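So the structure is just underneath, and the comments pick up after that.
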Amino acid sequence: MLRMNISGLIPKNLEDRGLLVLKDNLRYIEDILDHRRIPREGIPEDKIRLLLKFLSLMDTDKDPKVVRVGEREGRCASRIQEELVSGFCHGIGRSGNLIDPQPKAPGASAMYRLTNDILTSFLRNLGLKVYGIGLPVATGLSLSLCLNAARRMYNSNVVIYPYAAHKSPIKGIYLAGFRMRFVETKLYGDKVKVDVEDIEDAIVHEIKEGNNPCVLSTLTFFPPRESDNIEEIARICEEYNIPHIVNGAYALQSRYYIERLRRALKYRVDAVVSSSDKNLLTPIGGGIVYSKDRDFLREVSLSYPGRACATPVVNILVSLLSLGMRGYLELMEEQRRCRDLLEELLNNLAEKTGGKVLNIDNPISLSVTVHLDPVEIAGKLYNLRVTGPRGVRARDKFGTCYLRGYPYDYIVISAPLGVKERDIVAVVEKLENILLSR
Ligand SMILES: *Cc1c(COP(=O)(O)O)cnc(C)c1O
């Protein structure tokens, strides 16, 4: 298609050499399109840009002979806007169904399908036998779309929610128009968790009352709230034949969570939702939904009202292509090292300050008890230019996820994907200075 006619402009041997170099550069793009899998090695940025350029040049707003009279024709007031959406001015989706091809945007439609294929291969490489789709909304709204899909497919009318104090999923449940039935957490030593028997009781209760419950469980959370036992919940949901959505906001970055998902996916899991920014290092704004059930994913996409901005999806594609599988596995490895380092440093700190590191199963975050006001400590850390740690008071029921009194004031520090060892060293050093008021 691209006739690169430089014949006669330069000597023949130079021409051959030049065309050879060009061909090998274009091969990156051919390979991505041929294989539709996550590359082993990351792809250089200029090739990714070229791929996006080629794809966006297929959309009808780029047609040099186009006659555009609709009210929505991918018109832009400024080229800046075209750059901000990587050329995909038409967005993605058709008549509110996200994954349906848009006649005005063959390039954006191909880009979206390509992203989902590459995302699926990424998830499979991590060991999850699922299909994945990228969504143009973050975790809370993605959960809303999944719950709406559960209503469309199974007439669900109440969400059973083992209490986890994050506002996004709770708002997501209400936005989807569901009644919510909390299942309370209980305290086991330092650990805050929800009993599976209590979840089963809630299911039985709702069914008895003639309702169609579904369960929204939480895999990733801050300590002292432990992960829900998603394996057992999945087994129970299979037994009662009710939908089960898992909030795995940052599940993809850790082997521990992936292994738990693998076990849960043997039973009833209709969809898992993860954040594109927490797991794939994109700017905020995208969600990843994955499932063994392609029909469910289709319902999720059908739940989206309207056309969507392509950028969150492009961001997912760019992350997957630029990291490659190797880059991602290296980041996971670094995350694990940083988590171990954080534990070691916090244990040393606790010894000096008379606190303790809470005994909670969590592959990302740790909590250390403190004798000063934890909210003030978090404020001081912020002023020392540290972002991320949370200070939670024992009596803050929302923060602790525990509706009675929690025994400790504490600070939560995370070592998530993308963190560097020097960040871990610096945060613990600054925390030590505050606690020993130096
Ligand atoms: C990050 C996170 C969310 C975030 O939701 P967004 O809609 O992406 O802001 C929800 N739940 C949990 C457990 C999280 O960690």
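Read the numbers this way: they start at 1 and go in the same order the structure lists the ligands and their atoms. Note that this is a predicted model, so its numbers are computed, not measured.
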Checklist entry - At a non-hydrogen distance cut-off of under 4.0 Å, which region of Ser275 contacts ligand 1 (side chain, backbone, both, or neither)? => result neither
Checklist entry - What atoms of ligand 1 come closer than 4.0 angstrom to any heavy atom of Thr220? => result 13 (C)
Next on the checklist: If the threshold is 4.0 Å, N to carboxylate O, is there a salt bridge linking Glu239 and Arg235?
Outcome noted: yes
Item to check | Cationic tip of Arg40 above Tyr328 ring, under 6.0 Å, 45° of axis | outcome: no
Checklist outcome for this item: A student checking ligand 1 against Ala138 at a 4.0 Å heavy-atom cut-off should list atoms 6 (P), 7 (O), 8 (O)
Checklist entry - Between Lys278 and ligand 1, does any nitrogen or oxygen pair lie at a separation below 3.5 Å? => result yes
Item to check | Pi-cation contact, Tyr131 with Arg124 (under 6.0 Å, within 45°) | outcome: yes
Next on the checklist: Residue-level breakdown please: for Pro169 versus ligand 1, do any non-hydrogen atoms fall below 4.0 Å on the side chain, on the backbone, on both, or on neither?
Outcome noted: side chain
Checklist entry - Side chain or backbone of Ile284 under 4.0 Å from ligand 1, or both, or neither, by non-hydrogen atoms? => result neither
Checklist entry - If you draw the axis of the six-membered ring of Tyr402, does the NZ or CZ of Lys397 fall within 45° of it and under 6.0 Å from the ring centre? => result no
Checklist entry - Hey, is ligand 1 close enough to Gly140 that some N/O pair sits below 3.5 Å? => result yes
Checklist entry - Hey, is Glu333 close enough to Arg255 for a salt bridge, meaning N to O under 4.0 Å? => result no
Checklist entry - Are any of the side-chain nitrogens in Glu376 or Arg393 under 4.0 Å away from the carboxylate oxygens of its partner? => result no
Checklist entry - Charged N to carboxylate O below 4.0 Å: is that the case for Lys420 and Glu334? => result yes
Checklist entry - What about Asp277: any of its N or O atoms under 3.5 Å from an N or O on ligand 1? => result no
Checklist entry - For ligand 1, which atoms have a heavy atom of Ala249 less than 4.0 angstrom away? => result 2 (C), 12 (C), 14 (C), 15 (O)
Checklist outcome for this item: Tyr250 heavy atoms within 4.0 Å reach ligand 1 at atoms 15 (O)
Item to check | Thr139, any N or O under 3.5 Å of ligand 1 N or O | outcome: yes
Checklist outcome for this item: Ser168 heavy atoms within 4.0 Å reach ligand 1 at atoms 4 (C), 5 (O), 6 (P), 7 (O), 9 (O)
Next on the checklist: Would you say that more than 12 heavy atoms from the other residues, nucleotides or ligands in this model lie under 6.0 Å from the CD1 of Ile284, or not?
Outcome noted: no
Item to check | Which of the ligand 1 atoms, numbered from 1, are nearer than 4.0 Å to a heavy atom of Asn247 | outcome: 10 (C), 11 (N), 12 (C), 13 (C)
Next on the checklist: One thing to verify: whether Asp190 and Lys356 come together as a salt bridge, which I'm taking to mean a side-chain N less than 4.0 angstrom from a carboxylate O.
Outcome noted: yes
